[in-house]
Amino acid sequence: MINRFVPDLAAALAGVSDGASIMLGGFGQVGQPVALLEALADMGLRDLTIIANNAGAAFGGMTRLLETGAVGKVVCSYPRSSDSTLFQELYAKGRIKLELTPQGTLVERMRAAGAGIPAFFTPTAAGTLLGAGKETREINGRLCVLEEALFADYALLEAWEADRWGNLSYKLSGRNFNPVMAAAAKITIAQCRHKVELGGIDPDDVITPGIYVDRVVHVPEGETAV
Amino acid sequence: MINRFVPDLAAALAGVSDGASIMLGGFGQVGQPVALLEALADMGLRDLTIIANNAGAAFGGMTRLLETGAVGKVVCSYPRSSDSTLFQELYAKGRIKLELTPQGTLVERMRAAGAGIPAFFTPTAAGTLLGAGKETREINGRLCVLEEALFADYALLEAWEADRWGNLSYKLSGRNFNPVMAAAAKITIAQCRHKVELGGIDPDDVITPGIYVDRVVHVPEGETAV
Amino acid sequence: MSATLNPIKTYTREQMAARAAMDIPDGWFANLGIGLPTLVSDYVPAEREVIFQSENGILGVGPKPAPADVNPWVINAGKAYVTLLPGASIMNSAESFAMIRGGHLDLAVLGGYEVSQTGDLANWSTGDNEQAPAVGGAMDLGAGAKQVWVLMEHVTKSGQPRLVDTCSYPLTTIGSVTRVYTNIAVVEITPRGFLLLDTAPGVSFEDVQARTGAKLHR
Amino acid sequence: MSATLNPIKTYTREQMAARAAMDIPDGWFANLGIGLPTLVSDYVPAEREVIFQSENGILGVGPKPAPADVNPWVINAGKAYVTLLPGASIMNSAESFAMIRGGHLDLAVLGGYEVSQTGDLANWSTGDNEQAPAVGGAMDLGAGAKQVWVLMEHVTKSGQPRLVDTCSYPLTTIGSVTRVYTNIAVVEITPRGFLLLDTAPGVSFEDVQARTGAKLHR
């Protein structure tokens with residue numbers, strides 16, 4: 001019998017080790033796997049690659065991950081935050097690497113990883129510093145760059161509802177990067193607000209089918225976003 | 001004020017002319033824009049390119065389109081049907097062209113068209129007759145072919161619910177190719193079973209946002225699939 | 001070839017499907033090709049939870065409904081009415097093939113004309129130019145699933161082997177078949193070539209080798 | 001440069017946003033960049049229905065809620081709480097950027113450092129190597145929307161033109177800006193170069209040309 005639920009955060013993160021690449025769901029304060037991130041920060045890991053839209057912004061567990069030197073590299077589109085300069089300081093000191101990617105290219109590269117597309121052409125970033133060094137080609141009169149699929153060892157997500165197959169639903173802006181990362185990572189770990197019976201999510205309303213989810217931990221943080 | 005609803009099938013199909021490329025939603029008997037297809041067959045057009053998974057199978061309006069010689073070319077993955085040999089006969093006589101594409105490549109090419117990806121690499125069909133003549137490249141140790149985005153002048157869809165912005169929902173297997181084609185065509189025309197007030201589809205449940213839809217005609221065919 | 005062979009008792013189509021079903025582990029996600037492979041779902045042992053995908057956009061396909069229980073909005077890729085299991089989900093065709101092509105399915109069970117000893121599959125075209133060719137999702141499934149099992153008769157109607165050195169029909173995929181279930185044997189594709197895993201009752205290694213177009217290992 | 005110029009009265013930030021909003025036709029789908037462009041939505045005439053997209057996955061963004069009405073699950077790309085209009089829809093980030101990059105938005109309104117007479121945009125980096133660069137969705141919006149309007153001060157704090165012959169800062173997109181709304185003028189990018197469409201009250205063609213780094217047409 002399929003049962004993706006694990007008893008606690010430690011079981012959810014079992015096996016995550018030094019050097020792992022980790023996608024973090026969420027956009028801004030919504031849809032972030034806050035409890036998983038806090039537990040990750042407690043693990044004392046090194047040389048992590050963090051892939052997320054706001055991976056350079058510091059908040060909760062992310063602040064601790066950055067401060068303690070657990071993160072060697074960040075792949076993101078917007079490593080800034082109105083309430084923290086921690087990433088900037090680390091970057092200026094050369095203590096963290098940054099792979100900056102346009103947000104649309106970032107998420108399309110994740111989508112490609114999940115969809116079996118090893119590489120694709122896009123006009124975004126063609127002719128700019130962020131397209132420099134990449135293969136280019138003019139297609140239909142437009143300069144394009146070749147971008148590669150972006151995989152990760154782990155994805156940490158936050159869902160609204162989950163069942164034992166690992167089917168997930170999200171709430172409004174909480175959807176964001178979560179369903180895309182679910183398919184792009186080797187091991188996908190979700191924390192969910194609500195644990196429902198199998199069939200509790202209508203077939204038309206499942207956003208992430210359980211095939212993409214390896215472990216689910218129930219973290220009933222209440223109904224607010226953070 | 002935005003109002004995508006048009007009064008009848010003729011208004012929905014206004015402007016469709018000889019030589020147009022037309023995507024048809026539906027998989028098997030479910031989610032087909034039957035009324036739009038019947039009305040299209042009545043228009044006496046020529047040299048149409050029909051793009052659909054089952055574009056070679058004959059049914060209703062499709063049979064008439066094929067019989068009357070309105071279709072010059074079909075782009076599909078499976079031009080067969082258990083209850084018709086019409087397409088085979090036309091093809092054998094050289095009266096219709098066929099661009100055969102693996103189903104996943106077909107739908108990914110449509111998705112690419114809608115998503116601004118002019119071309120992508122895929123292992124599907126590499127080293128086979130359907131990959132012959134295409135650019136190939138080995139990526140991560142795997143032979144891939146380069147496939148191009150597939151656009152159309154029109155997409156004809158069937159939806160379950162629609163509102164005046166053109167937001168659409170689908171019912172179960174009726175979803176299939178419909179949402180993908182909506183974004184790949186210059187003009188997207190949907191027939192819907194149910195007309196709802198703006199806001200009548202929950203934001204989390206809109207499958208095709210109205211930005212992809214140009215015209216909606218209300219065709220309350222009842223609750224059965226065909 | 002067949003004229004010189006010992007007569008043997010072969011599996012029926014249902015037995016072939018049941019033999020393959022026996023080997024699908026609990027918790028796998030699988031897509032069953034149209035025709036013979038579709039039968040496999042009927043034979044999965046009740047205590048195992050195997051989740052079937054249909055490429056028109058269903059994960060969690062259930063059994064055929066009784067005529068009175070047909071939901072006209074639920075069909076599989078073979079256009080037959082099916083049911084949805086609790087936990088089933090609906091996706092559009094692009095998402096469905098992203099699942100297939102992205103390597104997420106544990107298993108695709110496909111029909112076949114020929115399988116080569118290096119795992120090439122021919123199952124979509126006989127190369128007949130008169131007939132309009134059709135491919136459906138075979139190339140995507142063959143290239144995308146983690147395991148590709150082919151369910152087919154061991155030899156053609158005229159007795160020619162379907163497990164061959166090199167395919168003579170146009171290829172569907174290159175090197176992706178991992179196992180073949182026939183009416184007389186279960187054959188694994190290995191770096192060495194065909195490896196006999198099992199036979200139908202009363203069928204010997206020699207019987208299978210005699211009907212196979214390349215060296216059979218054991 | 002500024003020392004030799006006639007003093008002129010310029011639009012406030014709010015007036016710049018209002019001037020741009022005036023030109024958005026009924027029924028357009030638009031994305032507003034973070035900062036100044038976000039103000040545009042406040043000034044769309046009430047009788048026009050303009051649908052705003054937010055790249056974190058909302059189509060149909062409504063106004064800011066009163067503090068008591070905040071739904072913590074509804075934020076825009078600037079991480080501010082917003083509302084959903086009736087007819088709003090939610091999508092994931094890949095779908096949201098497919099909408100942007102696929103050319104479906106009628107309009108993106110972006111901030112800018114510089115715009116060249118061929119429509120190049122520089123708005124993401126000052127080229128300062130100490131500061132970790134950030135780009136967000138600017139390159140996708142700039143390359144993807146049907147119309148790209150840039151909302152920026154006409155000159156820098158030190159009086160240097162921002163409408164230039166060739167951008168000096170790192171580029172965001174090449175040739176995709178169609179119009180610039182500044183605190184003194186509305187300038188269209190045409191095959192001939194900058195074309196003055198309108199000015200702030202009391203500002204002359206010569207005033208605008210004097211503050212522009214390339215030839216201004218009329």
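Below, read A as the first sequence line, B as the second, and so on, with proteins coming before strands; counting in each chain starts at 1. Atom set for the values below is all heavy atoms of this structure, side chains included, hydrogens, waters and symmetry mates excluded. Everything quoted here is computed from the prediction, not taken from an experiment.
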Worksheet item: Is it the side chain or the backbone of Ile139(B) that comes within 4.5 Å of chain A heavy atoms, both, or neither?
Response: side chain

Worksheet item: Which answer fits Arg142(B), side chain, backbone, both or neither, if we ask what part of it has an atom under 4.5 Å from a heavy atom of chain A?
Response: neither

Worksheet item: What's the shortest heavy-atom distance between Pro123(A) and Gly116(B), and which atoms?
Response: CD-O, 3.7 Å

Fill in: Heavy-atom pair with the smallest gap, counting every atom of Phe121(B) and Ile117(A)
O-CG2, 3.5 Å

Worksheet item: Is atom NZ of Lys134(B) surrounded by more than 12 heavy atoms (other residues, nucleotides or ligands) closer than 6.0 Å?
Response: yes

Worksheet entry | Crowding at CD, Glu38(A) (>12 non-hydrogen neighbours, <6.0 Å) | yes

Fill in: Glu108(A), part contacting chain B, at a heavy-atom distance under 4.5 Å
side chain

Fill in: Portion of Arg137(A) that has a non-hydrogen atom of chain B nearer than 4.5 angstrom
side chain

Item to complete: Please examine the side chains of Asp204(B) and Asp205(A), heavy atoms only from C-beta on, and report whether any two atoms are closer than 4.5 Å.
Response: no

Worksheet item: In Å and rounded to the nearest 0.5 Å, what is the CG to CG distance from Asp202(A) to Leu172(B)?
Response: 7.5 Å

Discussion item. If you count heavy-atom pairs within less than 4.5 Å of chain B, which of Glu135(A), Glu148(A), Glu147(A) leads?
Written reply: Glu135(A)

